2 protein chains.
Amino acid sequence: MTERISDAEHAVMEVLWDESPLTAQEVVERVPAERGWSANTVKTLLGRLLAKSIIAHEEVGRRYHYRPLVARDDYVAKESRKLMDRLFGGKLTPLVAHLAERDAITDQDIAEIEALLKDLKS
Amino acid sequence: MTERISDAEHAVMEVLWDESPLTAQEVVERVPAERGWSANTVKTLLGRLLAKSIIAHEEVGRRYHYRPLVARDDYVAKESRKLMDRLFGGKLTPLVAHLAERDAITDQDIAEIEALLKDLKS
DNA sequence: TCTTATCGACTACGTGTGTAATCCTCGCGA
DNA sequence: TCGCGAGGATTACACACGTAGTCGATAAGA
């Protein structure tokens with residue numbers, strides 16, 4: 001029943017997944033500048049993530065230190081699976097086929113994936 | 001500048017991608033029962049999709065026939081790419097690696113993907 | 001001690017989304 | 001001819017989201 005992570009929240013999570021624990025201030029500094037967010041916006045997002053128990057904070061002196069409660073890997077897995085289920089009937093092959101066709105896959109990509117698959121086969 | 005398709009709207013689109021043109025009534029009948037939507041809900045969604053120019057309708061007698069204006073393939077491509085960019089730095093290999101690891105990929109899957117890659121290499 | 005900068009909490013507000021009821025129009029049967 | 005029902009259009013409404021301002025406590029400096 002892990003709550004949904006919105007797009008804006010996701011940007012904050014990436015910061016915390018990259019490094020944690022961090023204070024709110026540090027998160028603000030690390031959020032990609034393209035977002036152009038005010039510090040308040042980031043704090044609101046931290047608050048919402050807290051409310052959803054996606055992150056936690058512990059008091060350290062006057063401030064809080066924030067850290068993720070869900071692993072990036074789990075989140076990525078869930079999102080990937082959702083997409084695969086929704087758009088490719090849950091099958092991996094059509095997904096790969098689609099991406100490979102549409103997005104000029106390089107020979108190197110192919111080599112890497114082949115190596116990967118070889119490993120898995122054992 | 002194709003507008004965003006929400007989750008509920010997507011369910012309607014799947015119906016129309018599967019078969020079109022359809023009347024509103026027919027769409028209502030074909031939407032997966034799990035959704036438990038009232039006919040009005042479906043009509044609202046059709047209206048929103050129309051407003052966004054994601055579908056079109058032509059008058060046929062006293063009703064409308066609805067049909068998609070965007071190809072499923074284009075939608076799928078865009079969504080897949082978004083996920084790949086957001087979670088895997090735009091690289092296909094990590095995506096495949098991730099899915100392959102986490103979701104007990106079968107030998108058959110591996111064989112299929114290998115065949116697919118072989119084709120692409122030519 | 002008084003002032004101010006800092007930090008988190010609370011409040012705000014427009015837009016999107018899921019879900020649907022209500023309204024309006026027009027052809028059809030009584 | 002007149003009310004009714006099917007179908008589309010309009011309106012509704014709560015909640016999520018993106019974005020941010022304001023409030024209240026406090027620590028640090030004057």
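Because the structure is predicted, anything quoted here is derived from the model rather than measured. Each chain gets a letter, A, B and so on, in the order the sequences are listed, and its residues count up from 1.
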Handout entry: Residue whose closest nucleotide on DNA chain D lies nearer the 5' end, A/I5 versus A/T44
Key = A/I5
Handout entry: Heavy-atom check, side chain of A/L99 versus side chain of B/L95, under 4.5 Å
Key = yes
Exercise for the section: Give one of base, sugar-phosphate or nothing for B/A39, where a contact means two heavy atoms less than 4.0 Å apart. Expected result: nothing
Handout entry: Distance, rounded to the nearest Å, where A/K43 contributes NZ and C/dA12 contributes P
Key = 18 Å
Completion exercise
Atom CZ of B/R63 and atom P of C/dG27 are separated, to the nearest Å, by 14 Å
Handout entry: d(CG, B/L45; P, C/dA20) in whole Å
Key = 10 Å
Exercise for the section: Please name the residue in the list A/L22, A/T23, A/L16, A/V15 that meets the side chain to side chain contact (heavy atoms under 4.5 Å, CB included) test with A/Y66. Expected result: A/L16
Exercise for the section: Could you check whether A/T41 gets within reach of a base, just the sugar-phosphate, or nothing at all, counting any heavy atom under 4.0 Å? Expected result: base
Practice task
Measure the distance from CD on B/E3 to C1' on C/dT17 and round it to the nearest whole Å.
Solution key: 14 Å
Practice task
Please state how far atom CG in A/L49 lies from atom P in C/dG8, giving the value in whole angstrom units.
Solution key: 15 Å
Exercise for the section: Classify the ring geometry between B/Y64 and B/H57 as parallel (under 30°), tilted (30 to 60°) or perpendicular (over 60°). Expected result: parallel
Handout entry: A/K118 versus B/E114, closest heavy-atom pair with distance
Key = N-OE2, 4.5 Å
Practice task
Respond yes when some side-chain nitrogen or oxygen of A/T23 is under 4.0 Å from OP1 or OP2 of C/dC7, and no when none is.
Solution key: no
Handout entry: Heavy atoms of other groups near A/E58 CD, more than 12 under 6.0 Å
Key = yes
Completion exercise
A/E59 atom CD is separated from C/dC7 atom P, nearest whole Å, by 14 Å
Handout entry: CA sep, side-chain torsions, deciding dist, call: A/I55, A/M13, side-chain contact (heavy atoms from CB on, under 4.5 Å)
Key = CA-CA 8 Å; A/I55 62 177; A/M13 288 309 288; 3.5 Å; yes
Practice task
Mark yes or no for a side-chain to base donor-acceptor pair under 3.5 Å between B/S38 and C/dA20, with no hydrogen or angle criteria applied.
Solution key: no
Handout entry: Rounded distance in Å - CZ (B/R48) to P (C/dT17)
Key = 8 Å
Handout entry: side-chain N/O B/R62 vs C/dG27 OP1/OP2, d < 4.0 Å
Key = no
Exercise for the section: With a 4.0 angstrom cut-off to heavy atoms of chain A, pull out the first and last contacting nucleotide of DNA chain D, in 5'-to-3' order. Expected result: D/dC17 to D/dA27
Handout entry: Intermediate values then yes/no, side-chain contact (heavy atoms from CB on, under 4.5 Å), A/R72 and A/E14
Key = CA-CA 8 Å; A/R72 182 170 199 281; A/E14 286 293 349; 2.9 Å; yes
Practice task
Can you tell me the distance, in whole Å, between the CH2 atom of B/W37 and the P atom of C/dA21?
Solution key: 15 Å
